Undergrad: 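Structure incoming, see below.
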Amino acid sequence: MTRARLLLLSPTLAMIGFFLLLPVALMAVYSFLSPGTYGGVEWLLSFDAYIQFFFERDFLTDELVFHTSYLSIYFRSFVQALAATVICLLIGFPTAYFIATRPPATRSAWVLLVTVPYWVNLLIRTVSMLFVIRDEGPLNGALTAVGIVDAPLRIAYTDFAIALGLVYSYLPFMVLPIYAAIERFDFSLMEAACDLYAGRWTILRRIILPTVKPGVVAGCLLVFIPSLGAYIAPDLLGGGKNLMIGNLVALQFQGSRNWPFGAAAAVLLLSVVLVALTVLARRRALSSAGN
Amino acid sequence: MDSEQKNPAVEIRAVSKKFGRGAEQVKALDGVTLTIGDNEFFTLLGPSGCGKTTLLRMIAGFEQPDDGGIFLFGEDIKALPPHKRPVNTVFQHYALFPHMTVAKNVAFSLEMLGRAPAEIERTIGEMLALVKMEQFAARKPAQLSGGQQQRIALARALAPRPRVLLLDEPLSALDLKLRQAMRAELKTMQQQTGITFVFVTHDQEEALTMSDRIAVMSGGRVRQTGAPRDIYEKPRDSFVANFIGESNFLTVTVEKLEQDTAWCRLDGALLQCSCAGEAAGFGEARVSIRPEQISFSAGGNGGPALSGVVEGLTYLGTDTQLSVRLGDGQRLQARVQNAGREQPPPGPGERIRLKMNPGAARLLAD
Ligand SMILES: Nc1ncnc2c1ncn2[C@@H]1O[C@H](COP(=O)(O)OP(=O)(O)O)[C@@H](O)[C@H]1O
Ligand SMILES: [Mg+2]
């Protein structure tokens with residue numbers, strides 16, 4: 001690397017170093033320490049955090065017994081994030097397709113509209129959403145007034161509400177990369193396929209989807225990963241009852257004050273994500289080199 | 001079989017097409033009528049924007065005519081969508097599927113048509129052999145050069161054995177050497193396969209060297225249809241004469257009309273011109289004559305033969321081009337080959353006698 005390039009990169013490298021790598025490393029270290037009495041850590045090596053994650057001590061026999069209470073939180077988070085991703089994809093793909101096929105002059109206006117929700121703080125957006133969907137909120141008010149339901153629908157503080165919140169929070173992350181991919185899509189390929197006797201569905205399946213796949217994969221990752229660790233939506237919309245990983249971690253640093261355990265929970269999440277991404281990247285490298 | 005032989009491959013009847021609305025409206029095609037025979041190498045030639053692509057896309061089914069009819073081997077195909085027409089296209093920018101290998105690209109239409117795997121394999125082999133790309137079957141389009149991509153586009157379009165192959169400026173993205181080599185190859189391929197080729201180009205040389213017949217287009221209309229030789233030697237109007245090759249345009253007076261000959265007075269001399277018959281009338285008219293059809297000799301005076309004064313000389317390698325001013329002030333270009341000439345060419349200011357090959361001058365319709 002030349003010196004000029006190094007110089008150009010240095011702000012980014014400094015940012016990543018100080019605010020990403022260093023905190024992550026610190027967290028990894030903390031996860032192997034003992035909890036302090038009033039939060040913080042004692043500098044004593046301990047694997048308790050990880051043991052606690054998978055096992056509990058039977059308080060009669062003092063034996064370690066495998067338990068799934070934390071794993072099930074991970075599993076729940078996984079399912080929630082997956083649901084949010086699928087819903088985002090179902091809404092986001094047609095939206096992106098719609099925008100990408102507008103005349104070039106109006107496209108940027110549509111893209112701007114997609115980002116409108118981001119002009120308002122996520123916390124405020126989520127709280128307002130809660131106001132809309134709660135039992136006495138306008139949504140239930142309208143539904144009962146029209147007579148579709150007799151009693152208010154229970155939407156707030158359910159898994160469905162969390163999914164709704166996640167979709168609302170991350171939908172633009174799905175739309176934008178897919179839009180970029182479709183916009184770059186060469187529509188003469190569609191004509192070529194049509195010319196070569198392909199019908200509409202075949203064109204979608206065999207021509208459009210494979211060529212915009214990188215955009216779709218990027219969109220899914222951008223929705224799935226933050227959903228997995230989401231904090232605000234499950235905390236507010238789930239009412240803190242249905243914990244997701246983010247809430248579990250936050251609790252350890254606020255309520256129960258077990259920093260090493262919180263750190264361990266976060267490190268485990270990070271590892272899962274990293275492993276999954278590596279496998280994905282491998283497979284893609286293999287499939288694109290496989291000819 | 002018999003009925004097929006009677007029917008032309010493609011018939012375009014009075015087709016018109018407008019794009020846009022109001023002030024921005026463009027008449028892309030304006031009453032185009034064409035008949036393209038089976039097994040023909042037919043070229044649509046014209047400057048950019050004259051409607052060639054629009055016409056080609058109409059045959060493929062990507063555009064609908066506002067007016068008129070399109071027939072394929074006698075069958076009205078106006079209502080058929082592109083994927084139901086036994087016609088394939090080689091797109092200008094190839095439009096190869098980037099995520100598929102060369103073999104998969106070629107196989108695509110065969111899979112769509114539900115051909116048996118063994119047959120598909122065989123056809124891939126045949127097509128890649130036809131375009132000499134056998135060893136590239138496993139490559140992706142991005143790993144090929146422009147010329148190679150072009151060949152694959154051709155193989156892909158030929159694979160389903162279309163009755164008519166449409167080619168939209170397929171050579172325009174290639175460099176000169178490759179373009180010239182591909183001309184000969186395309187022509188051979190057309191003859192080997194017996195498929196009707198409808199070839200679009202704005203390059204007159206390409207059109208002249210490859211085609212059985214050419215339709216010269218401009219402003220959404222067909223100006224003239226004919227064999228390359230007819231188009232070059234007997235241009236119908238000044239657009240055709242000007243667009244294809246170089247020409248002199250001279251104002252003459254028509255004095256006598258025979259079947260397809262017109263006797264015209266030019267600067268006192270009587271000139272034997274060819275004419276289309278229908279277009280001719282007496283009085284003032286314009287003729288076109290190619291520079292290489294004018295020969296000259298030294299001397300010359302105001303007698304019945306045409307003569308002029310040399311104004312300039314341009315050495316062109318194989319030829320020398322003379323700029324000559326006639327007695328009535330009109331100018332023309334004459335060209336002579338340098339090889340085999342004994343005398344040196346006349347110098348500027350010299351008076352020379354001009355001779356036009358009989359019938360070489362063409363009486364124009366406009
Ligand atoms: N989809 C379209 N919308 C508007 N105008 C068009 C469209 N397609 C072609 N045109 C116009 O029609 C005319 C003929 O275009 P085209 O058939 O592409 O010409 P060529 O292929 O001979 O260069 C041009 O003036 C072009 O601008
Ligand atoms: Mg064109």
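All values derive from a computational prediction rather than experimental measurement. A, B, ... follow the sequence lines: proteins, then strands. Residue 1 opens every chain.
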Undergrad: Using non-hydrogen atoms and a 4.5 Å limit, figure out which bit of A/Ser188 sits close to chain B: side chain, backbone, both or neither.
TA: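 The answer is both parts of A/Ser188.
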Undergrad: Quick check: closest heavy atoms across A/Asp195 and B/Ala60, and the distance to 0.1 Å?
TA: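 What the structure gives for the nearest pair is OD1-CB, 4.2 Å.
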Undergrad: Hey, is NZ on B/Lys187 packed in by over 12 heavy atoms from elsewhere, all under 6.0 Å?
TA: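 More than 12 heavy atoms, drawn from other residues, nucleotides or ligands, come within 6.0 Å of this atom.
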Undergrad: Within a reach of under 6.0 Å around CZ of B/Arg161, are more than 12 heavy atoms found that belong to other residues, nucleotides or ligands?
TA: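 No, the 6.0 Å shell around CZ holds no more than 12 heavy atoms from other groups.
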Undergrad: Do the non-hydrogen side-chain atoms of A/Arg200 and B/His83 ever get within less than 4.5 Å of each other?
TA: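 A side-chain contact is absent here, since even the closest heavy-atom pair is not under 4.5 Å.
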Undergrad: Are there over 12 heavy-atom neighbours, none belonging to B/Phe71, within less than 6.0 Å of that residue's CZ?
TA: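 Atom CZ in B/Phe71 is packed in, count exceeds 12.
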Undergrad: What part of B/Arg156 lies closer than 4.5 angstrom to a heavy atom of chain A: side chain, backbone, both or neither?
TA: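 For B/Arg156, the contact with chain A is made by backbone and side chain together.
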Undergrad: Count the heavy atoms belonging to other residues, nucleotides or ligands that lie under 6.0 Å from CD of B/Gln135, then report whether that count exceeds 12.
TA: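 Enclosed: over 12 neighbouring heavy atoms sit under 6.0 Å from CD of B/Gln135.
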Undergrad: Hey, does A/Cys194 have a side-chain heavy atom less than 4.5 Å from the side chain of B/Phe62?
TA: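 When only atoms from C-beta onward are counted, A/Cys194 and B/Phe62 do touch, with a gap below 4.5 Å.
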Undergrad: Measure across B/Leu96 and A/Leu189 and return the closest heavy-atom pair with its distance rounded to 0.1 Å.
TA: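 So the minimum-distance heavy-atom pair works out to O-CD2, 3.2 Å.
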Undergrad: At a 4.5 Å cut-off on heavy atoms, which part of B/Gln92 comes close to chain A: side chain, backbone, both, or neither?
TA: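 Neither the backbone nor the side chain of B/Gln92 comes within 4.5 Å of chain A.
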Undergrad: Flag the pair B/Met112 / A/Thr202 as yes when at least one side-chain heavy-atom distance between them is below 4.5 Å, and no otherwise.
TA: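 A side-chain contact under 4.5 Å exists here.
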Undergrad: More than 12 non-hydrogen atoms from neighbouring residues, nucleotides or ligands closer than 6.0 Å to NZ on B/Lys78, yes or no?
TA: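 Counting other residues, nucleotides and ligands, NZ of B/Lys78 exceeds 12 neighbours.
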Undergrad: Give the minimum heavy-atom separation between A/Arg206 and B/Phe108, together with the two atoms involved.
TA: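 Heavy atoms of A/Arg206 and B/Phe108 come nearest at NH2-CD1, 3.8 Å.
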Undergrad: Can you tell me which of A/Thr211, A/Asp186, A/Ile207 forms the most heavy-atom pairs within a distance under 4.5 Å of chain B?
TA: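 Ranked by contacts with chain B, first place is A/Ile207.
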Undergrad: Identify the heavy atoms of A/Ala192 and B/Phe91 that sit nearest to each other, and give their distance.
TA: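 Looks like CA-CE1, 3.5 Å.
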Undergrad: Identify all side-chain donor-acceptor contacts of residues 90-103 of chain A below 3.5 Å with residues at least two apart in sequence or on another chain.
TA:
from, atom 1, to, atom 2, distance (Å)
A/Thr95, OG1, A/Ile91, O, 2.6
A/Thr101, OG1, A/Tyr97, O, 2.8
A/Thr101, OG1, A/Phe98, O, 3.1
A/Arg102, NE, A/Phe98, O, 2.9

